[in-house]
Amino acid sequence: MDKKPAGNIQGTILSTQNAQRLISSGIPSLDDLLGGGLPVGTVALIEEDLHGAYSKIILKYFLAEGIVSKHSTLIASQDINPFNIIKELPAVIDSDPESSKPKTSGTSDKMKIAFRYQNIQVSNDSKLHSLGHYYDLSKNMSLNDIENSDISYWSGQRLENGSNSFANPAYNQLLKSIKDKIKDGKFFLKDNPSKKSILRIGIHSLGSPMWLPYRKALHSIDSSRDLDMFIFCLRALVRSAYAVAVITIPTHLYHEVSLERCVHSSDIAMRLQAFCGTELESNQALSDFHGFFYLKKIAAINSLASKHPGSVEYVFKLRRKKLVIETLHLPPDIQESMDSKKNDIPSVGCGGSNKHLLEF
Amino acid sequence: MLSLTDPKSNNPVLASLQIKTSEKIISVKENGSADSNFILTHLIKQIFYEKNKILLIGLHNTLDHYQNVGKKLGYDFKKSIDDHQAGIIEPLDDLTQKIIEDDVYENKEELVKCLFGEIQSQIALLSESTTQQIYLIVDDLSHLLDLGVDIAHIISFINYCNSLVDTENVAVVINTHVCNKIDEIISNTLQYVSDVHIEVASLKTGRSTDVTGVINVSRDGGTNHYQYKTFDRGVKTFHPGQAIFNMYK
């Protein structure tokens, strides 16, 4: 994956650490977590939340960023018409919507509490983003922009005869169309087109019940074997080309162990766990957020150390216009401590209210 | 006799592994979310230092990855290939091609046999006019499972390798990733035949910023436990509990 073409490719930067070419995922806070962006030639796997709503938004961001950066796109889904995903891509805007930085209203009447902290960054957001754009989730991208870009759709409708390698021929079909797309668009590393670009591959709900082989009614070991083989082959394809794949998988339908091999074959793995419909929904400490974001794996590519940030917990929240991923900070435990203080008011002498604790 | 330039004395990973040339079968077990690739890249450093030859079978990482990491550790893999000090078999593209074209081998055993045939011819090429030892390095044997190869055939592949060690001047380093019962069988088989078994795992207690994971090196004599921390330009190892002494060096 040593990619040093003559010209710079639009929408990419070279990582200063390991000369890896990076593209933006469309979400600045996610790019930060991944160490700058998604490395070109990798497969990112997103384990969907229960209803698949948030993972779809992340996928849309990824595709929208591709269209704005004039990359080519291939979108595949068997669950919904892939054109519908493209139709609902968020619109690009100039600045960060709903920026978390407090608006300063002139310097004169600013309160001077703890003045030593006033120059400290509030969050990582203030870092300059050379990569990626901002999007407004409340508006859709104009159809004009979409029509002018190179997008291929795959919905798995024209299925031919069976396959020897996969139990479900749809996997084979999809691999074939991805390969044809890479070939036609000259995205292979060995190709030398006049203007290099990136192919973004988005696969929505891979391995969902729609992907079951016809003859078998239940998820058998074979069907997850299909998934393993598909991701392994996809990775081999993407590694040999200027392409990045983002896959969402409804993992809650699978046994946890059966997906471990998929995670091993992918380069980046993340999991979304929405609070909606669980008991976490009523947890006060988490009331500002919509779910947990787990970064399961970032592979060390072209280097020894993975860029995994370590033992930090992340949460995501969906605002009206944007999706943000943040570090989870538990709020100060004020309310409960007030309650508990009431109980242990120090008493004078030996006859305190806690006396019964000492009685035998 | 160790010299100062010997990576076995000045490289922390190789110093803790202490692999001797007499140890012919080395198995590396990668658990769950850990990444044991640094063991392979470090071993390559030692093998090149000892002027031995390498045949790498890349099923997980690409040649470019080895080239980039190699530059950080102080060897040039691509140059070694040009100098016939090393060879690489990257079956990824061909296999994917075959799977997409639906031109798979009737029997998956055929695939393993083909792979082994390729290995034999490459070893024959490398061993021409030298008496040096050739290291066969398999980066992630468990990927054969993803390709639908039956476990019996994978074990027979291990058997092939075992016979290769007996008949020719070859040593084998095999990396496997373990995340389910079937992987475990392969890894246990490997451990059974190996002279040195290296196990890499992440910390049981979760992630830490000071320690990336644990290395257990087992030989006939017993098991040594180490912890390691990966950096961009190298890996540090230390005995459990001594991480703090290494942080500020």
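Atoms considered below: every heavy atom in the structure, side chains included; atoms not considered: hydrogens, waters and symmetry mates. Values in this document were obtained by computation on a predicted structure and should not be read as measured data. Throughout, protein chains are lettered first and strands after them, A, B, ... in sequence-line order, and every chain is numbered starting at 1.
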Chain B interface, residue from A:Ser306, A:Cys233, A:Ser240 that has the most non-hydrogen pairs under 4.5 Å: A:Cys233
Sole candidate of B:Asn68, B:Val13, B:Thr41 that passes side-chain contact (heavy atoms from CB on, under 4.5 Å) when paired with A:Leu304: B:Thr41
Salt bridge (Lys or Arg N to Asp or Glu O under 4.0 Å): pairs with one or both residues in residues 143-152 of chain B, sequence neighbours excluded: A:Arg261-B:Asp146
Any side-chain heavy-atom pair of A:Ser303 and B:Lys72 under 4.5 Å: yes
Heavy atoms of other groups near A:Lys296 NZ, more than 12 under 6.0 Å: yes
Interface moiety of B:Asp35 toward chain A, non-hydrogen atoms closer than 4.5 Å: side chain
Minimum side-chain heavy-atom gap A:His264-B:His60 below 4.5 Å: yes
Separation between CZ of A:Arg235 and OG1 of B:Thr62, rounded to the nearest 0.5 Å: 8.5 Å
Part of B:Thr212 lying under 4.5 Å from any heavy atom of chain A: neither
Chain A interface, residue from B:Val235, B:Thr96, B:Asn180 that has the most non-hydrogen pairs under 4.5 Å: B:Thr96
Closest non-hydrogen atom pair, B:His65 against A:Ala300: CE1-O, 3.3 Å
Aromatic plane relationship, B:His143 with A:Phe232 - under 30° parallel, 30 to 60° tilted, over 60° perpendicular: tilted
Positions in residues 82-90 of chain B that reach chain A, provided some heavy atom is under 4.5 Å away: none
